[in-house]
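Heads up: the structure comes next, in structure tokens.
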Number of protein chains: 2
Amino acid sequence: MKTAPESARADAPRWLTDEEQRVWRSYIEATTLLEDHLDRQLQRDAGMPHVYYGLLVKLAESPRRRLRMTELAKLAKITRSRLSHAVARLEKSGWVRREDCPSDKRGQFAVLTDEGYEVLSRHAPGHVEAVRQAVFDRLTPEQQKSLGEIMRIVAEGLEPSEAGADLPWLR
Amino acid sequence: MKTAPESARADAPRWLTDEEQRVWRSYIEATTLLEDHLDRQLQRDAGMPHVYYGLLVKLAESPRRRLRMTELAKLAKITRSRLSHAVARLEKSGWVRREDCPSDKRGQFAVLTDEGYEVLSRHAPGHVEAVRQAVFDRLTPEQQKSLGEIMRIVAEGLEPSEAGADLPWLR
DNA sequence: CCGATTTACTTGAACTATCAACTTTCATGA
DNA sequence: TCATGAAAGTTGATAGTTCAAGTAAATCGG
């Protein structure tokens, strides 16, 4: 009778097959190259890294162009600490401003300034073009669909709070 | 007769459709969460970020466990500058050592030390397990195959030197 | 109402990344 | 042989990220 591999840590590691390795390497290469590419594109054209651009986008899409810090951090999938630093820098650039939350004195809103909105509008075309050229223009519609499904699955699996992943008795 | 959109910069931006946007957002979320996840896992367990782990892997796979700096940088898809700093840190940790290249006095080899190899062996199981849980365990074989193809295409499209992308007369 | 937690957010230090500038060596072609 | 330019790699300054620890306000359980 075999022991069920409850604690994989101790068991023989489930190595990747050759094919899985090829997939994984391609993943690493593509994501590294792409993130670098977009970072450079945006840094050069808009003067900010890709993540910061993403923050402005989230704000622009939000009612009254504002979001609570924690909310923004969740949407952008970054830590609150990282966001604090990022917003500090975006504030210095004049693209975001902070506002106190009236209902919760601990709370802060990050608000997209007009200048921030302007920067976004000005550089959005160049950015989507870069994304298109790097990704969508190269993939068939089926591949695009597939990519969406796959990334959705992976993202969901890693979503912080994994709904009690380490608290199995709560499931 | 319509003008061909040769210089997309000036034309109406080719915005992403709603579906394309969803795909793109999922991509961003998945890659952000995954890279963070693996960084934390490796930082906690092995004391180094994911990229550095990748460097050790490349070295371990190479003959005599060594690579020229430029070669390693190319394989890992990072700049030589970044690599210089990274190797300096890995040297400090005792996992890599530099060696002069006899045939080219400008050249340097990065060599994986025994200690480096040991660290790698020790933490590889935990790392593949993390990759499995986050990615392969969640995808069907078809999805895995599809992911490989897609990432290969994207990576190739971004490969530095794009084989004369800006030298169209050479194509 | 009060003490204990939790939540919201910030801070500073240590670390990593980027960019441009620099040194050294190699290759090329008069 | 010599000058010129390219290649290999490093460096230092600046910017961004992480982690642990911190403050202050809200909430929860008696």
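Just so it is clear, the structure is predicted and the values come from calculations on it, not from any experiment. The figures here come from the full heavy-atom set of this structure, side chains too, leaving out hydrogens, waters and symmetry mates. In what follows, chains are A, B, ... by sequence order, proteins preceding strands, each numbered from 1.
Chain A approaches DNA chain D over the interval dG16(D) to dA26(D), counting the first and last nucleotide 5' to 3' with an atom under 4.0 Å from its heavy atoms.
Evaluation of the side-chain hydrogen bond (donor to acceptor under 3.5 Å, both in side chains) rule for D36(B) yields R40(B) as partners, not counting sequence neighbours. For R68(B), the side-chain hydrogen bond (donor to acceptor under 3.5 Å, both in side chains) criterion is met by no residue, not counting sequence neighbours. For Q43(A), the side-chain hydrogen bond (donor to acceptor under 3.5 Å, both in side chains) test picks out no residue, with sequence neighbours left out. Judged as a ring-ring contact (aromatic ring centres under 6.0 Å, His included), and not counting sequence neighbours, F109(B) has no contacts.
Atom CD1 in I78(B) sits about 12 Å away from atom C1' in dT18(C), given to the nearest Å. Distance, E35(A) CD to dT16(C) P: 19 Å, rounded to whole Å. dA14(C) atom C1' lies 18 Å from atom CE of M48(B), rounded to whole Å. As rounded to whole Å, 20 Å separates atom P of dA17(C) from atom CG of L42(A). If you take CG of D39(A) and C1' of dA17(C), they are 10 Å apart, rounded to a whole angstrom. In this structure, NE2 of H50(A) is placed 15 Å from P of dT18(C), rounded to the nearest angstrom. In this structure, the CG atom of L55(B) is 12 Å from the P atom of dT16(C), given to the nearest Å.
Each of S103(A) and G47(A) was assigned the nucleotide of DNA chain D with the nearest heavy atom; the assignment lying further toward the 5' end belongs to G47(A). For the pair K105(B) and A86(B), both in contact range of DNA chain C, the more 5′-proximal nearest nucleotide belongs to A86(B).
Atom-to-atom distance recorded for M151(A):CE and I28(B):CD1 is 10.5 Å, nearest 0.5 angstrom.
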Sort me out a list of protein N/O and nucleotides 6-12 of chain C N/O pairs below 3.5 Å, or just none if empty.
from, atom 1, to, atom 2, distance (Å)
dT7(C), O2, R106(A), NH1, 2.5
dA8(C), O3', R68(A), NH2, 3.4
dC9(C), OP1, R68(A), NE, 2.9
dC9(C), OP1, Q108(A), N, 3.0
dC9(C), OP1, Q108(A), O, 3.2
dC9(C), OP2, T70(A), N, 2.7
dC9(C), OP2, T70(A), OG1, 2.1
dT10(C), OP1, R98(A), NH1, 2.4
dT10(C), OP2, S84(A), OG, 2.5
dT10(C), OP2, R98(A), NH1, 3.2
dT10(C), O5', S84(A), OG, 3.4
dT11(C), O4, S81(A), OG, 3.0
dG12(C), O6, H85(A), NE2, 2.8

Hey, can you pull the donor-acceptor pairs under 3.5 Å for the side chains in residues 69-76 of chain A, sequence neighbours left out?
none

Atom pairs and distances, donor-acceptor, side-chain atoms in residues 79-90 of chain A, under 3.5 Å, two or more places apart:
from, atom 1, to, atom 2, distance (Å)
T79(A), OG1, R82(A), N, 3.0
R89(A), NH1, S93(A), OG, 3.0
R89(A), NH2, G47(A), O, 2.8

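Bending across the helix from dC1(C)-dG30(D) to dA30(C)-dT1(D), expressed as the angle between its end axes from five pairs apiece, amounts to 30° (10° rounding).
For residues 144-155 of chain A, the set of pairs meeting the side chain to side chain donor-acceptor pair (under 3.5 Å) definition, not counting sequence neighbours, comprises S146(A)-S146(B), R152(A)-S26(B). Within the structure, ring-ring contact (aromatic ring centres under 6.0 Å, His included) contacts touching residues 24-50 of chain A (residues at least two apart or in different chains) are W24(A)-Y27(A), H50(A)-H127(A). The stretch residues 109-121 of chain A participates, sequence neighbours left out, in these side chain to side chain donor-acceptor pair (under 3.5 Å) pairs: E118(A)-R122(A).
Side-chain contact between R25(B) and V57(A) is present, with at least one heavy-atom pair separated by less than 4.5 Å.
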